Number of protein chains: 2
Amino acid sequence: MADRDSKGAVRTITDLARLAGVSPGTVSRALAGKSLVNAKTREKIEGLAREHGFRPNQMASGLRRQKTGVIGVVIPLGHDTRQQISDTFFMTLLGFLADELTSEGYDLMLRRVVPGTDPDWLDRFIGSGMIDGAIVIGQSDQYDRIEDVADGYGPLVVWGNHTEGQRHCVVGTDNRLGGRMAAERLIAAGARRIAFLGDTTAIEFAARFAGAQDVAQRMGADIIALPTHLSPERAGEEIAAHLAAHAGVIDGIFAATDTLAALALTTLRERGVAVPDAIKLVGFDDLPIARQTVPPLTTIRQDIAAGARGLVDLLLRRLAGETTESLILPPELIVRETA
Amino acid sequence: MADRDSKGAVRTITDLARLAGVSPGTVSRALAGKSLVNAKTREKIEGLAREHGFRPNQMASGLRRQKTGVIGVVIPLGHDTRQQISDTFFMTLLGFLADELTSEGYDLMLRRVVPGTDPDWLDRFIGSGMIDGAIVIGQSDQYDRIEDVADGYGPLVVWGNHTEGQRHCVVGTDNRLGGRMAAERLIAAGARRIAFLGDTTAIEFAARFAGAQDVAQRMGADIIALPTHLSPERAGEEIAAHLAAHAGVIDGIFAATDTLAALALTTLRERGVAVPDAIKLVGFDDLPIARQTVPPLTTIRQDIAAGARGLVDLLLRRLAGETTESLILPPELIVRETA
DNA sequence: ATTCCTGTTGCAAACGTTTGCAAGAACGCT
DNA sequence: AGCGTTCTTGCAAACGTTTGCAACAGGAAT
């Protein structure tokens with residue numbers, strides 16, 4: 001139907017106007033569904049448009065209207081360059097974001113940046129003129145830079161951790177509370193010497209650790225942080241080394257992520273350590289994998305779908321000129337069999 | 001540094017030109033690194049640009065140059081509307097694609113479409129003028145439509161299955177061969193009555209099943225297809241039902257996906273069926289989860305990173321005007337402990 | 001001094017839409 | 001017939017870049 005072959009391909013609104021015997025302006029109005037165009041002309045134009053498979057050029061439209069209908073989504077790869085972008089959690093969030101944005105009529109432009117090599121990443125993206133607003137997935141170690149930019153640019157929402165008095169609008173789980181819940185569970189299950197697996201230079205993880213510390217201190221338990229990268233390749237070895245080094249002394253593990261928890265679980269099995277009998281284990285996220293490990297993971301659930309909805313909702317409101325508060329989602333303890 | 005505050009914000013190339021005391025054209029040439037501009041003028045312009053945090057508007061540039069620097073990535077959600085976009089395999093592929101495209105200087109525009117409700121999805125995306133080329137992730141049940149479009153549009157590459165005489169350029173694993181390898185392994189391990197778990201209306205899965213059939217027939221084993229959706233929620237029940245219905249008669253399972261295999265594994269455990277003693281199991285993909293199940297999955301590996309590289313490489317060549325052949329990647333049998 | 005380069009610059013016309021403004025048409029009213 | 005409405009439409013100026021063409025300057029060669 002869309003005649004790619006016939007002599008005069010209809011590429012522009014002007015072509016279509018000539019065909020319909022009207023002016024480009026009228027075609028534009030007809031296609032945009034404005035009320036100021038006669039019903040019959042509109043029908044004719046729409047018919048021709050359909051017949052020739054015509055689609056208005058979004059670049060031109062964007063330029064003229066000074067809005068693009070595109071939302072930028074950035075994943076800053078702060079510490080763990082290689083991993084993050086295929087991290088299950090972020091990817092799932094991205095999937096939900098795509099759904100939400102699509103159903104609001106926006107397109108999604110995905111950009112992966114390495115802040116180390118490009119300190120200007122956020123300004124560059126925002127200033128490109130290609131996007132109406134931006135969502136940053138994960139603060140990584142770029143908290144300060146985001147703060148800087150947020151002052152001068154409205155339509156920006158960030159997934160991550162909320163800190164007292166911060167200026168950028170964030171959506172995220174209450175990580176500190178989540179950390180508390182994890183530690184409480186571990187201690188209730190009998191653990192007294194707890195290890196935290198994760199990279200505490202990432203602000204979200206630091207908050208989870210801090211929460212666990214709160215509780216440990218209050219309940220008279222020990223807790224130490226064992227720095228662990230996120231990417232399975234590196235994490236595997238690191239966890240093995242940690243567990244070997246602390247064999248026998250640890251009786252509880254709080255993993256910053258279900259992925260790490262699952263890794264710890266297999267490592268423990270290899271070492272012949274019984275979970276939860278010898279060591280209790282709690283993860284974080286409640287990814288699908290949490291249900292599939294043996295035994296299934298006790299974990300702290302983040303509501304990813306709600307997070308995506310919140311991000312998009314807040315961004316749209318900011319796009320409309322509102323000023324919005326951050327949105328902190330409650331974590332939820334999911335008790336399965338590892339603690 | 002980027003003076004958002006000072007009276008005259010520098011938003012356009014014309015602003016910058018006025019500041020530098022030259023014409024907009026010269027600024028454009030300077031910033032584009034063309035050779036026809038005097039070294040001193042260039043320096044001055046670049047300095048001012050940096051100082052004011054100026055970035056040329058990509059919409060305008062795109063409109064004028066008739067190219068956008070953006071590659072569209074579409075995921076058609078054919079059968080299993082809800083799932084696919086958070087499917088681990090696709091998401092991982094997407095991650096690698098983002099990496100590859102970024103390092104080639106392209107941006108990535110992600111679009112999720114439901115072909116059922118929008119039969120025009122591919123034309124619409126391509127015709128939008130927003131993208132220089134498109135990558136389709138997964139043929140889903142849209143094979144014919146893709147074929148139609150591919151005739152008239154060059155810069156299009158698809159991830160999926162290759163069929164004899166097809167007209168669109170595809171990158172993908174040799175699914176049929178993968179299916180053969182899986183069946184061979186199952187039969188070598190002693191299985192004779194094999195069940196295939198997956199949705200054979202999806203062309204990739206159909207090919208995997210066909211490969212397995214080839215081998216089963218040749219080696220005198222039985223194989224039946226048990227239709228199973230991809231999304232864990234639905235698949236869980238379906239698998240449970242399948243296994244209950246065929247209890248005792250099946251001694252081998254070929255799962256179309258590691259996710260399904262993992263699900264089958266937990267279901268089998270719940271039913272008290274020993275793997276691999278009573279039932280052999282082979283998955284497909286070699287996702288991270290394959291390593292983490294108990295026992296770890298024997299599976300057919302797809303090289304996702306190579307796939308992404310291939311997709312981008314071919315697309316770039318087509319963008320440059322070459323005509324390219326499809327790229328079929330070899331699957332690899334990874335023997336672990338389930339078969 | 002004239003001519004012919006070469007290297008830099010400015011001018012202005014695109015790219016394909018959208019939209020304020022004004023003009024025209026059609027109609028009803030007095 | 002004249003006037004005022006209400007709908008439709010066309011005109012042309014934007015939006016911010018890029019780029020072919022022409023112009024100009026400063027030398028070098030004659």
Side-chain angles (χ1 to χ4, degrees), chain A residues 8-46 48-49 52-70 105 107 124 126-132, chain B residues 8-46 48-49 52-70 107 124-132:
Chain A
V10 179
R11 303 232 55 78
T12 79
I13 226 173
T14 316
D15 296 340
L16 197 57
R18 195 175 327 113
L19 235 59
V22 296
S23 82
T26 305
V27 173
S28 171
R29 283 186 272 248
L31 261 33
K34 305 258 184 183
S35 54
L36 336 75
V37 44
N38 181 291
K40 294 193 75 164
T41 354
R42 151 163 306 130
E43 261 176 50
K44 182 173 181 185
I45 293 174
E46 279 173 346
L48 283 169
H52 292 82
F54 169 78
R55 328 224 166 274
N57 182 313
Q58 291 211 49
M59 285 265 146
S61 163
L63 178 58
R64 171 63 225 236
R65 309 207 337 264
Q66 296 291 86
K67 44 161 46 190
T68 64
V70 180
D107 267 314
R124 185 191 305 286
I126 285 169
S128 71
M130 289 279 281
I131 58 178
D132 290 342
Chain B
V10 180
R11 303 233 54 79
T12 80
I13 225 174
T14 315
D15 295 341
L16 197 57
R18 196 176 324 113
L19 235 58
V22 296
S23 80
T26 305
V27 173
S28 171
R29 282 186 273 251
L31 261 32
K34 305 257 181 180
S35 55
L36 336 76
V37 44
N38 181 291
K40 295 193 73 165
T41 353
R42 153 165 303 132
E43 261 175 49
K44 181 172 178 185
I45 293 174
E46 280 173 346
L48 282 168
H52 292 82
F54 170 78
R55 327 223 167 276
N57 181 315
Q58 291 211 48
M59 284 266 148
S61 164
L63 178 58
R64 170 63 224 236
R65 309 206 339 264
Q66 296 293 82
K67 46 162 43 193
T68 64
V70 180
D107 267 312
R124 186 191 303 286
F125 200 23
I126 285 170
S128 71
M130 288 280 279
I131 59 177
D132 290 342

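Chain naming here is simple, since letters A, B, ... match the order of the sequence lines and numbering starts at 1 in each. Treat the numbers as computed from the prediction; the structure is a model and nothing was measured.
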Could you tell me whether [X] contacts a base, only the sugar-phosphate backbone, or nothing, with contacts defined as non-hydrogen atoms closer than 4.0 Å?
X       : value
B:Arg11 : sugar-phosphate
A:Ser28 : base
A:Lys34 : sugar-phosphate

From CG of B:Asn38 across to P of D:dG27 the rounded distance in Å is 13 Å
Write down the distance between CG (A:Asp15) and P (C:dT17), rounded to a whole number of angstrom.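 Taking atom P of C:dT17 as the reference, CG of A:Asp15 is at 8 Å.
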side-chain N/O [X] vs [N] OP1/OP2, d < 4.0 Å:
X       : N      : value
A:Thr12 : C:dG16 : no
A:Gln66 : D:dG16 : yes
B:Ser61 : D:dT18 : yes
A:Thr26 : D:dT9  : no

Residue closer to the 5' end of DNA chain D, B:Leu31 versus A:Arg29 (nearest nucleotide):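 Per heavy-atom nearest nucleotide, the more 5' residue is A:Arg29.
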Heavy-atom side-chain contact between A:His52 and A:Arg11 under 4.5 Å: no
Could you tell me whether the side chain of B:Leu31 reaches within less than 4.5 Å of the side chain of B:Leu16, counting heavy atoms only?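 Side-chain contact under 4.5 Å: yes.
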Let me confirm one number: the CG-CZ distance from B:Leu63 to A:Arg64, rounded to the nearest 0.5 Å. 13.0 Å
Let me spell it out: for each of B:Leu63 and B:Gly25, pick the nucleotide of DNA chain C with the closest heavy atom. Which residue's pick is nearer the 5' end? B:Gly25
Between A:Arg42 (side chain) and A:Lys34 (backbone), is there a donor-acceptor pair under 3.5 Å? yes
